[in-house]
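Data block below; observations after.
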Amino acid sequence: MTLRTRFAPSPTGFLHIGGARTALFCHLHTRRHQGTFILRIEDTDTERSTQEAVQVILEGLTWMGLPPDEGPHFQSHHTRRYLDVVQEMLAAGHAYVCTCSRERLDAVRERQRETGDKPRYDGHCRNANLSPGAEPHVIRFRTPQEGEISWDDKIQETIRFANSELDDLILVRSDGSPTYNLAVAVDDHDMGITLVIRGEDHISNTPRQMHLFRAMGWEVPEYAHMPLLHGSDGAKLSKRHGAVSVLQYREEGFLPSAINNYLARLGWSHGEQEIFTMAELEQLFDVSQLGRSAAIFDRAKLLWINGHHIRAATPEQLLPELAMQLARLGIDPPPSTEELAPILPEFQARAATMVEMAQKCRFLFIDSVLPYEEKAARKHLTPGVQAPLSALATALDALPEWLTPAIEGAFQANLAAHNLTMGQLAQPVRVALTGSGASPGIFETMVMLGKQKTVQRIQAGVVWLRGA
RNA sequence: GUCCCCAUCGUCUAGUGGCCUAGGACGCCGGCCUCUCACGCCGGUAACACGGGUUCGACUCCCGUUGGGGACGCCA
């Protein structure tokens with residue numbers, strides 16, 4: 001039987017990092033086993049589902065490089081089918097009409113909490129044999145009360161629940177709409193899903209869905225419940241942890257390959273390898289090798305991995321992102337690919353994110369670097385360097401060609417003339433050129449900047465010194 | 001509270017009864033390289049939650065305790 005998995009987000013918000021991890025694991029595991037990866041939008045909650053959210057989820061998956069092989073399917077298109085299934089269950093006695101009011105339900109739960117029981121439906125209408133009349137009612141599943149239900153989870157071990165722990169879940173709401181567990185079971189069956197990969201927060205739904213399968217005589221799929229992603233406080237990742245849209249990570253200058261690499265290493269490992277390409281992951285990752293404990297999202301390590309991927313990336317991957325980040329820094333219009341291509345290598349090893357890279361090469365695309373970073377100016381632009389700086393500007397200006405050997409020659413001559421060491425002159429020049437005390441090599445920086453700007457900025461430094 | 005799941009350095013992990021005086025990675029701290037910053041390289045810091053078993057021998061198996069997480073909706 002060929003593998004069929006699905007990723008089933010509900011379109012009530014953006015695709016956050018936890019959801020992305022689930023999608024990634026579904027995708028990787030499916031690729032490895034040459035299966036089919038299906039996207040299903042769980043929009044049975046018409047109140048909260050939006051078209052925009054669907055769009056954002058799709059965008060997120062695309063950016064992550066996790067396009068589905070099939071779908072997206074929409075549960076809202078399957079309502080008829082769900083209701084038909086419920087009719088069958090009703091006819092077979094697997095479901096029944098319940099007219100309990102919300103008030104009564106609340107009261108029951110309240111009482112159960114007080115007595116220390118697990119809040120659940122008390123079966124009030126279970127044997128009342130009500131027929132669907134004008135009175136408001138829901139349809140509930142008649143959950144078996146004896147025995148237990150269990151499954152061999154592909155990630156966890158065997159998980160078992162006593163049926164007495166389960167209550168009679170609602171299949172159809174009083175407004176006639178189907179609920180989550182019903183829709184999931186029907187779709188997982190109809191779509192031929194053979195392996196359900198989802199977060200372990202769904203473990204308690206699994207016995208309910210399995211009972212639905214059994215009632216309909218369907219074959220139950222396999223399940224793999226992956227450990228959750230936690231924030232630094234150890235609790236399930238949520239908005240207050242900055243568990244924002246994956247697209248936000250793009251804004252922050254992360255590469256999708258790095259995010260995927262990092263996410264995959266949370267709960268999974270392959271020897272002592274830390275850096276993986278997407279192709280490697282697709283070949284190596286298997287959900288059955290996942291660890292069983294929750295992992296804490298660690299931005300520091302993500303940054304390190306992102307730096308690796310930036311260094312390993314091709315210009316084609318990086319250039320558009322760099323241009324975008326420069327634009328966000330106010331470089332308008334952003335430099336062209338042709339302008340950016342030659343400087344890219346100088347900054348690849350110096351940035352952990354594309355945002356950082358843009359900040360570090362920004363000085364190349366603005367008119368003036370003034371005002372200087374205060375600390376750098378105070379440390380390096382001292383009165384003593386005014387004369388050498390001035391002389392250097394003159395010498396550089398007189399250069400017939402702007403190539404490294406010539407620049408270096410002029411620089412070295414100036415060093416000797418003023419009896420200075422490399423560092424004593426390079427740092428002041430660096431501040432004049434970039435506004436900061438850190439940049440690529442000083443000659444490389446001058447070449448990238450061009451003769452005109454280089455000379456201008458050194459002269460501006462001299463002027464600044466006179467005023468200081 | 002009830003049910004379910006989990007438990008090795010701060011974090012991610014290796015470890016499947018002797019190879020472990022517990023390995024790697026991030027972070028942090030030193031050093032090297034060096035015109036600065038990175039990159040790279042070298043070194044250091046730091047963990048088997050606790051208590052009982054089982055066994056000639058437990059990080060590894062079993063039980064309990066503690067701790068953490070998740071689920072308890074006419075949400076998904």
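To find a chain, count down the sequence lines: A is the first, B the second, and so on, and within it residues start at 1.
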Contacts table for residues 261-269 of chain A: side-chain donor-acceptor under 3.5 angstrom, sequence neighbours left out:
unit_1 : atom_1 : unit_2 : atom_2 : d
A:N261 : OD1    : A:F276 : N      : 2.9
A:N261 : OD1    : A:H309 : NE2    : 2.8
A:N261 : ND2    : A:E274 : O      : 3.0
A:Y262 : OH     : A:D298 : N      : 2.6
A:Y262 : OH     : A:D298 : O      : 3.3
A:R265 : NE     : A:E274 : OE1    : 3.2
A:R265 : NH1    : A:W268 : O      : 2.8
A:R265 : NH2    : A:E274 : OE1    : 3.3
A:R265 : NH2    : A:E274 : OE2    : 3.3
A:W268 : NE1    : A:Q289 : OE1    : 2.9

May I ask you to evaluate whether A:S439 reaches the phosphate of B:C37, defined as a side-chain N or O under 4.0 Å from OP1 or OP2?
-> no
For [N] versus [M], give the span between their [atom1] atoms, rounded off to a whole number of Å.
| N | M | atom1 | answer |
| --- | --- | --- | --- |
| B:C32 | B:A46 | P | 23 Å |
| B:C20 | B:U60 | C1' | 11 Å |
| B:G24 | B:U45 | P | 11 Å |
| B:A76 | B:C29 | P | 49 Å |
| B:G1 | B:G27 | C1' | 40 Å |
| B:C59 | B:C41 | C1' | 32 Å |
| B:G69 | B:G15 | P | 27 Å |
| B:C50 | B:A58 | P | 15 Å |

Residues A:Q317, A:T314; criterion side chain to side chain donor-acceptor pair (under 3.5 Å); working and verdict = CA-CA 5 Å; A:Q317 293 172 282; A:T314 62; 3.1 Å; yes
Can I get a per-line list of side-chain donor-acceptor pairs under 3.5 Å for residues 48-56 of chain A, giving both atom names and the distance, sequence neighbours left out?
unit_1 : atom_1 : unit_2 : atom_2 : d
A:R48  : NE     : A:D45  : OD2    : 2.9
A:S49  : OG     : A:D45  : O      : 2.8
A:T50  : OG1    : A:A53  : N      : 3.0

Aromatic rings A:W304 and A:H308: how do their planes relate, parallel, tilted or perpendicular, breaks at 30° and 60°?
-> perpendicular
[options]: which one has an atom nearest the side-chain heavy atoms of [X]?
| X | options | result |
| --- | --- | --- |
| A:R292 | B:C6, B:C35, B:A76 | B:C6 |
| A:A300 | B:C35, B:C39, B:C26 | B:C26 |
| A:D201 | B:G24, B:C12, B:G70 | B:G70 |
| A:K118 | B:U36, B:U2, B:A25 | B:U2 |

What contact category does [X] fall into here, base, sugar-phosphate, or nothing, at under 4.0 angstrom with non-hydrogen atoms?
| X | answer |
| --- | --- |
| A:C100 | base |
| A:G267 | sugar-phosphate |
| A:F161 | sugar-phosphate |
| A:T44 | sugar-phosphate |
| A:S269 | sugar-phosphate |
| A:R311 | sugar-phosphate |
| A:R109 | sugar-phosphate |
| A:L266 | sugar-phosphate |
| A:G437 | base |
| A:P227 | nothing |
| A:N205 | base |
| A:Q156 | sugar-phosphate |

Nucleotide forming a Watson-Crick or wobble pair with [N], both distances under 3.5 Å:
| N | result |
| --- | --- |
| B:G64 | B:C50 |
| B:U11 | B:A25 |
| B:G30 | B:C42 |

Kindly check if the number of other-residue, nucleotide or ligand heavy atoms within 6.0 Å of CD (A:Q283) is above 12?
-> no
Contacts of A:I170 and A:R265 projected onto RNA chain B by closest heavy atom; the upstream (5') one is A:R265
5' priority, RNA chain B, between A:E165 and A:S10 [closest heavy atom] = A:E165
Can you tabulate the close N/O pairs, meaning under 3.5 Å, that link protein atoms to atoms of nucleotides 63-69 of chain B?
unit_1 : atom_1 : unit_2 : atom_2 : d
B:G69  : O2'    : A:H230 : NE2    : 3.2

Exercise: do A:R299 and A:S232 side chains pair donor with acceptor under 3.5 Å | no
So A:R81 and A:D84, salt bridge (charged side-chain N to carboxylate O under 4.0 Å, His left out) or not? Walk me through it.
-> CA-CA 5 Å; A:R81 166 66 176 152; A:D84 285 346; over 6 Å; no
Indicate yes or no for a side-chain donor-acceptor contact from A:N163 to the backbone of A:T143 under 3.5 Å, with no hydrogens or angles considered.
-> no
Donor-acceptor pair, A:N306 side chain versus A:A258 backbone, under 3.5 Å?
-> no
Using whole Å, report how far CD of A:E272 lies from P of B:A14.
-> 11 Å
Rounded distance in Å - CD (A:E346) to P (B:C35) | 16 Å
Return all side-chain donor-acceptor pairs below 3.5 angstrom for residues 402-419 of chain A, not counting sequence neighbours, or 'none' if the list is empty.
unit_1 : atom_1 : unit_2 : atom_2 : d
A:W402 : NE1    : A:M446 : O      : 3.0
A:H418 : ND1    : A:N414 : O      : 3.1

Every protein N/O lying under 3.5 Å from an N/O of nucleotides 44-48 of chain B:
none

State which residues pass side-chain contact (heavy atoms from CB on, under 4.5 Å) with A:R120; sequence neighbours excluded, sorted by chain then number.
-> A:Q112, A:E165, A:D167
